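Model, not experiment: these values are computed from the prediction. Residues take their numbers from the sequence shown, with the count starting at 1.
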Amino acid sequence: MQVQQRKPKACAESAAAARGADQQQCDCRPLEAGEESLERSVPRKRKPAAAVAAAEKRWSSVAYVVLAAFVMATVFAVLGGRRPAVWIAATKALRRGSDDKSIPLARSAADKLLGGLLPEGFDEKSCRSRYESYLYRRNPGRRPSPHLVARLRMHEELQRRCGPNTESYNRAVQRLRDGGAAEADAHSPDDEQCKYVVSISYRGLGNRILAAASAFLYAVLTGRVLLVDPSNEMDELFCEPFPGTTWLLPRDFPLASSYANFSADTAESYGNMLKNKVLGTDGSTDGDMPAAQMPAFAYLHLDHDYGDGDKMFFCDDDQRLLSNIQWLVMRTDTYIVPSLFLVTTFQDELDALFPERDAVFHHLGRYLFHPANHVWGLVARYYRAYLATARQLVGVQVRVFDHRQAKSPHVVLEQITSCAWKEKLLPEVLDAVEDAAMPTPPTTPHGGSNNSKAVLITSLRPWFYERIKAMYWERATATGEDVSVHQPSHEEYQHFGEKSHDGKAWAEMYLLSLCDVLVTSGWSTFGYVAQGLGGLRPWVMYKPVNITAVPDPPCGRDVSMEPCFHSPPFYDCKTKRGVDTGTILPHVRHCDDVSWGLKLVDPNGSPN
């Protein structure tokens with residue numbers, strides 16, 4: 001008897017796209033009764049039901065083996081033999097019925113471009129993370145709005161037309177050197193379209209990422225070219241986000257030797273120019289004054305120590321005035337985006353760009369920040385070696401701000417375990433008596449357990465990793481799950497602007513974003529970046545009031561995956577008086593970890 005078994009269409013598609021990275025499932029079950037075609041060369045008697053069942057079982061096993069071998073060979077060929085852990089686990093996932101999150105299967109070209117968020121046309125070898133990261137991400141993330149996609153393509157064209165190494169840029173720089181004056185015969189109609197915002201890079205890597213994302217959104221809203229200060233490794237950690245041009249400020253920029261020292265006392269700061277009547281919105285020097293009479297540049301001091309005059313940046317009349325200044329230099333160490341939503345001039349456009357208000361940084365971050373190849377190597381190698389085969393990845397980001405807490409790490413450790421156990425993120429461990437009585441589960445000698453969790457810990461110190469790892473090694477879990485614990489690095493203290501340190505920090509942020517769930521430390525920009533890139537609403541560990549006791553509760557689910565703006569203004573531009581800016585709009589509210597801070601939320605509740 002010759003048996004022809006029809007291969008389900010979904011299985012064929014899975015084999016063709018096996019290099020994808022989402023956990024899409026392929027229905028590779030054996031065919032049910034009545035689904036196979038039996039061609040009989042000679043008449044035979046009907047076999048007993050038991051014999052038929054046994055034959056079907058044998059044929060099902062053969063089909064599994066053949067299909068698994070085909071998928072394995074295909075994936076290995078596609079990946080060039082570079083990811084043995086991936087294709088081996090892909091075969092295991094297929095054998096288990098594709099219910100394992102650890103090795104996602106097929107995705108489409110739209111997934112590679114993140115639903116149109118990313119542009120085409122880049123040399124993929126120059127930045128492998130841009131088009132490979134989706135293969136590693138278990139959570140596909142939110143889809144950008146069509147309006148956001150269209151605006152990004154428009155902005156890329158602006159960056160190419162007005163960016164460095166163009167005639168318009170060269171004329172704009174010359175006007176800046178000349179103090180704002182421009183010769184009529186050197187003026188081009190395009191020059192009026194070319195305005196710039198420069199983002200100064202300083203402080204920790206998380207702060208620099210949030211600052212650049214804030215400056216970029218402001219650039220999109222105001223039609224300005226974004227140029228990022230290349231210092232502090234910004235030119236070595238990230239790929240270029242805009243095709244056909246650069247987002248890096250040239251090192252011969254006229255203000256390059258001075259803007260690093262700009263502060264609240266700088267005469268050209270917007271607040272000081274208002275105070276000294278160089279600029280004004282009271283009608284004496286209004287936003288309609290000729291551009292030639294405007295200052296060559298304005299410094300936007302939006303740092304944590306900014307004054308009342310600087311905070312007028314978030315008012316409509318002041319935005320109209322600033323729109324006539326060709327060069328703006330912005331310095332901030334935080335995420336100012338929530339307060340941009342309070343500027344009436346921007347609200348309609350922001351609503352169209354981000355109908356899901358809790359996904360602003362999620363889209364901006366995935367568009368802008370792609371690890372450079374040497375950083376991506378750190379991410380990809382570590383993921384494949386230690387995390388790929390786990391059923392679930394649990395990220396734990398630990399940052400101790402209070403030096404008194406650093407001297408009593410046991411309280412922080414108890415807060416971590418209390419949070420993870422209370423929220424059922426990790427299984428509890430048995431005591432010595434229970435552990436001795438726990439039967440040993442069946443052995444899977446070649447690994448790839450479908451009942452395992454991997455914990456990725458990021459911390460400046462190895463102490464927490466060592467204790468948690470020992471705990472899960474020395475004791476069985478109450479659920480019978482296997483738990484592995486990993487920490488890529490431990491630098492002991494933060495090295496500002498050091499290349500090797502920042503490269504590892506960026507790799508660890510990105511690894512955290514690849515997890516299924518996150519536990520983060522409140523106030524930490526490191527955690528903000530990871531949760532935003534991953535599209536994850538974390539469990540936030542609250543800062544303890546009493547450093548000798550674990551807070552009750554130890555953590556709570558954040559209201560959104562958006563970062564917190566730590567130092568927002570409390571001023572109503574319309575009434576010109578103080579106001580609680582966390583109560584003006586339903587999608588701008590106070591943060592859970594920083595009670596006076598502001599963050600964007602989904603008024604209807606976040607799905608993450």
Side-chain angles (χ1 to χ4, degrees), residues 19 21 79-86 112 114 118-119 121-137 199 201-213 227-251 365-388 393 395 397 456-460 462 486-515 525-526 529-530 532-534:
R19 66 180 182 274
L79 298 178
R82 293 181 289 109
R83 297 179 190 166
V86 174
K112 181 177 179 179
L114 305 183
L118 302 182
F122 278 104
D123 174 14
E124 296 192 16
K125 292 182 180 179
S126 67
C127 180
R128 296 190 180 278
S129 64
R130 190 192 322 273
Y131 300 127
E132 287 184 10
S133 60
Y134 82 108
L135 296 169
Y136 292 75
R137 206 170 281 290
S199 176
S201 305
Y202 88 118
R203 295 200 70 182
L205 181 60
N207 301 85
R208 303 202 299 270
I209 289 175
L210 297 179
L227 294 174
V228 175
D229 168 21
S231 62
N232 290 308
E233 316 301 332
M234 293 297 286
D235 57 341
E236 297 191 30
L237 296 175
F238 306 99
C239 301
E240 292 279 2
F242 309 126
T245 185
T246 180
W247 72 331
L248 295 174
L249 185 70
R251 295 188 182 274
R366 294 195 307 161
Y367 175 78
L368 283 176
F369 305 113
H370 305 283
N373 281 351
H374 69 281
V375 179
W376 180 242
L378 298 176
V379 174
R381 287 190 297 272
Y382 198 90
Y383 185 92
R384 296 196 303 263
Y386 301 106
L387 307 177
L393 298 184
Q397 182 260 330
L456 175 69
I457 295 178
T458 63
S459 174
L460 291 172
H486 312 275
Q487 180 174 347
S489 71
H490 45 85
E491 301 285 284
E492 297 295 344
Y493 63 93
Q494 191 165 1
H495 305 256
F496 290 102
E498 186 175 307
K499 181 177 179 180
S500 63
H501 174 84
D502 283 345
K504 292 175 183 177
W506 180 212
E508 291 184 16
M509 283 183 200
Y510 213 89
L511 282 166
L512 282 175
S513 78
L514 301 178
C515 292
T525 57
F526 194 107
V529 172
L533 291 177

I want to check something: taking the side chain as every heavy atom from C-beta on, are T458 and L511 in contact at a cut-off of under 4.5 Å?
no
What residues, two or more places apart in sequence or in another chain, satisfy side chain to side chain contact (heavy atoms under 4.5 Å, CB included) together with P371?
S129, V375, W376, W506, Y510
Verdict with reasoning, V379 to R384, per side-chain contact (heavy atoms from CB on, under 4.5 Å):
CA-CA 9 Å; V379 174; R384 296 196 303 263; over 6 Å; no
Minimum side-chain heavy-atom gap L533-M509 below 4.5 Å
no
Can you tell me how the ring of F122 sits relative to the ring of Y131, calling it parallel under 30°, perpendicular over 60° and tilted otherwise?
tilted
Report yes or no: do R137 and S513 form a side-chain donor-acceptor pair below 3.5 Å?
yes
Taking E233 for its side chain and G503 for its backbone only, find out whether a donor-acceptor pair lies under 3.5 Å.
no
For a 4.5 angstrom cut-off between non-hydrogen side-chain atoms, does L512 reach L456?
yes
For F369, the ring pair (Phe, Tyr, Trp, His ring centres under 6.0 Å) test, sequence neighbours excluded, returns F238
Decide yes or no for L205 and L237: does some side-chain heavy atom of the first lie under 4.5 Å from some side-chain heavy atom of the second?
yes
Is the shortest distance from a Lys or Arg side-chain nitrogen in R208 or D229 to a carboxylate oxygen in the other one below 4.0 Å?
no
Kindly determine whether E508 and S489 satisfy side-chain hydrogen bond (donor to acceptor under 3.5 Å, both in side chains), including the steps that lead there.
CA-CA 8 Å; E508 291 184 16; S489 71; 2.2 Å; yes
Polar side chain donor-acceptor pair, T246 to E240, under 3.5 angstrom
yes
Sequence-distant partners of Y386, side chain to side chain contact (heavy atoms under 4.5 Å, CB included), two or more places apart:
Y382, H486
